[in-house]
Every structure is written in C-alpha cells, then in structure tokens.
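Before any comments, here is the structure.
A, B, ... follow the sequence lines: proteins, then strands. Residue 1 opens every chain.
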Amino acid sequence: MSTESNTKAVRVIASASNWVETSAIDQLKKTATLPGITQAIGFPDLHPGPGCPVGAAFVSDAMLYPHLAGNDIGCGMALYRSGLPARRPNLDRWVKKLKGLEVPWEGDAVERLESAGLSPAATSALGTIGGGNHFAELQCIDTIIDPVGAAAAGLTEDELVLLVHSGSRGLGEAILRDHVAAHKGTGLSADSTAAADYVRRHDHAVAWARENRRLIAERFVSMTGGEVTTLLDNCHNSITLAPWAGPTNWVHRKGAAAGDMGPLVIPGSRGAMSYLVAPQGDLASAAYSLAHGAGRKWARSDAKDRLRVRFSPEALSRTDLGGRVICHDNDLIYEEAPQAYKDIGRVVQDLVEAGLVSVLATLRPLITYKTRGRE
DNA sequence: ATGTTC
C-alpha cells in the first residue's frame, strides 16, 4: 500500500530532559521511509550520522540495507575480567608499561584466525584498537546495584575489568565499499544471491571483530600482568535476522547494542562511569536493541574548537574521576574528551524509565588507552 | 569508522 509509510513505527526513546538533535530525528524518520522498513527506533544516545543516524535500530521485512550498519561491521563493546587485583592499583606503573596497541601484533595472526575458524583476513590489523571512539579501558567496580545479577554476569568486586571498544578495521570497510560499488545506496532483496554474499562476509567481519577485541584484551594484560576471561561481547553495528518481528525480518543496528544477548555494558565517556545493565521488559517494542554509549554532544570539529582554548593535552590526560588517558594524538584527545559526550547517567536513566533495562553495577575508568601515536 | 592524509 502506498500509505504504508504512515503506519511505520518510528519511536525515539528519550525523556524530555535528554536533548536529542532535531537533525538526527529527521534522519531517523527519513530512513524509516525506505522500502520494507517496518520499525525505526532511536535510542537516548541518538545523534546525526553520515546519512543515517547513530544510536538507532531499523527492522525490515525481506530487505537488507548494508549502509544502515555502516562500514565498521561488527564493532562492539566487550568486557573481560583482567585477573588484576582491585586493591591499590598502581596506575602510573601500568601507564608506563602500556604501549603498542596501535601496531601489528607480534604473534601469528594467520594461525590465530584459523584456529578461531576465520579466514586469514586483515592480519596486520588484528589486535589493534583503531581510531575514532575506539579504546581499551581498565576499570574497577564502583557500585554494585544488583549483587545477584552482577555476580551472574561474572563480576567479582576484588578484580579489575577491561572494557574494549573496537571493530573490524579495514575488513568491514571493504565489505561496504564493495556493496556500494555494485549497488550504490540501494538495499538488497533478502532472497537474492547478493544478499547472501553480503551476509556471509558480514558474519565473518562480526566474528573477526570479536576475535580482535579478545586479542586487544590479551595484549593489554600481557603488559600489566593478569589473565583475560570474557564476560560479554555485544556488537552494535550489524544486520541480523529478527525472528521476534517475523520470519523474514531483519534488524539493522547502527550504534545500537543488542538487547537479546544478556547483560551488556553501556559506557560513558572516559570521564564518566560505565553501566553494566540487564535487558528487560517489552524489548520487541525497541527492536531488541539498546543505547550503545553516551552519544556525542559536540561534533568532532566543535569539540576541538571549544576545548583547545580551555585545556592543554596534558590536562586532558587525567579525568575528573582520577582516570589516566593514554592518547598521544593532539586532535583525538580533544575530539574524544568527556566534555564532547552527553551525560551517560541520563541516557541509562531514560532506558530504565522506558522499562528496558535494570542496572547491575557501575564501572569506574582507571586507564583509557587510545593511542601512543606514531613514535 | 578507514593498512584514509592536506
């Protein structure tokens, strides 16, 4: 029916006190008009993206839209136990030791990938964090809100945890580039061979990104001591089947965490707490998805303009919570400063008030590793 | 976001 677009479910999950840019909501509505889209959800971290917004999930019937997941296919947030005791952490000593997470891993990447059941792709990038908002962050437990839920998620108060945000590096980028070269910005009929080919490569990039996060965590603790145990790994850029919406339905997540994979971490900026939450409630009404972080408040160039006149890079290498920041990149340290992000407490509270999550614990950043730069 | 780069 030509009037179908009027009946599509477009929903923004954000309270009145959570400011969301109008242009992001316009992008959400416009994306909802694509053929076959049946549901468009904006989360409390919704902000404008290149064409389609970030912090959103889109359900389609029998159509795939690769550009809605974007180029960093498989990007996500993983939490690990570190094996490091939480008592009296010597941050300055670890800051001195931590290096090399931006240069290729010294191990055998081909063997590592093959033993994970993956093809030997993007081997030089495996184990590297990448740029932009990606990071590896050592954290301690700040407050346990739900002792039973937190324990079930594997949290132990006497042990530090490591949060890794990274993706599929050049691998996912090549997949989207190939799709755009062949099909421009159009979608794919889900029963086409082109869609099957995309999904196969997409799934490989998702698995590669997961392995990448795990290796980043292992490289990190190889310098501090400790041992990595995976607690959770939640992908926020992906296209997957959505059986809860219908047998031929798909959910596209762009900066939206999966709400059907158990507990997850919704990180604040490096100067704020991260939240370990458990999905609950009427998740189908939210496309079984959730916010993936605080969301940008200022565009990157605005953040640089506003903060350069107020802070030196040295001043930004320590946060108000006492955390240390390893970021030897004089643009990135401003672009990713805590001031450039929205209040994560507000974002999580919006999800709580919508009945979609319960908070298990808050996590406090200790050391945020971005890059040592090119030296 | 990017084995990207003025």
Side-chain angles (χ1 to χ4, degrees), chain A residues 24 27 31 45-56 65-78 100-110 112-113 118-136 164-181 185 198 201-202 204-206 208-213 215-216 219 234-239 252-257 267 269-270 292-296 298-301 303-304 327-336 340-341 369-375:
Chain A
Q27 286 183 332
T31 305
D45 56 337
L46 187 74
H47 58 281
C52 78
V54 181
Y65 289 98
H67 76 279
L68 294 188
N71 60 349
D72 196 3
I73 300 161
C75 186
M77 211 66 70
L101 295 178
E102 55 290 285
V103 299
W105 180 46
E106 52 283 0
D108 186 343
V110 172
R112 172 97 188 194
L113 288 166
L118 300 170
S119 32
T123 49
S124 67
L126 191 70
T128 62
I129 293 174
N133 55 8
H134 291 172
F135 61 81
V164 176
H165 177 203
S166 189
S168 58
R169 313 289 273 107
L171 190 58
E173 192 201 19
I175 296 168
L176 184 66
R177 197 193 318 122
D178 288 350
H179 167 77
V180 171
Y198 173 81
R201 297 181 72 188
H202 162 285
H204 179 251
V206 168
W208 190 100
R210 185 165 285 132
E211 190 66 20
N212 188 42
R213 287 186 284 274
L215 181 54
I216 290 165
R219 294 182 83 186
N234 193 299
C235 169
H236 54 232
N237 290 347
S238 67
I239 304 176
H252 305 65
R253 295 186 175 107
K254 176 59 180 174
S269 73
R270 63 189 180 220
H292 80 312
R296 291 200 81 83
W298 298 338
R300 290 177 179 279
S301 57
K304 274 187 281 189
C327 183
H328 296 189
D329 178 322
N330 279 348
D331 288 325
L332 196 57
I333 198 162
Y334 292 106
E335 292 170 1
E336 293 294 319
Y341 282 88
Y369 191 114
K370 298 286 287 178
T371 178
R372 282 282 177 197
R374 299 184 194 282
E375 295 181 60

A:Y198: ring pair (Phe, Tyr, Trp, His ring centres under 6.0 Å) partners, not counting sequence neighbours:
A:H202
Pick base, sugar-phosphate or nothing for A:G70, based on heavy-atom distances below 4.0 Å to the nucleic acid.
nothing
Tell me every residue that passes side chain to side chain donor-acceptor pair (under 3.5 Å) with A:H165, counting only those two or more places apart in sequence or in another chain.
A:H236
By side chain to side chain donor-acceptor pair (under 3.5 Å) - contacts of A:R210 (at least two apart)
A:D233
Anything under 4.0 Å to a heavy atom of chain A counts; send over the first and last such nucleotide of DNA chain B, read 5' to 3'.
B:dA1 to B:dT5
Across all chains, not counting sequence neighbours, the side chain to side chain donor-acceptor pair (under 3.5 Å) partners of A:E173 are none
By side chain to side chain donor-acceptor pair (under 3.5 Å), which residues pair with A:R169, not counting sequence neighbours?
A:T128
Hey, does A:G172 reach any base, or is it just sugar-phosphate, or nothing, if we go heavy atoms under 4.0 Å?
nothing
Under 4.0 angstrom, heavy atoms only, what part of the nucleic acid is A:G170 near: base, sugar-phosphate, or nothing?
sugar-phosphate
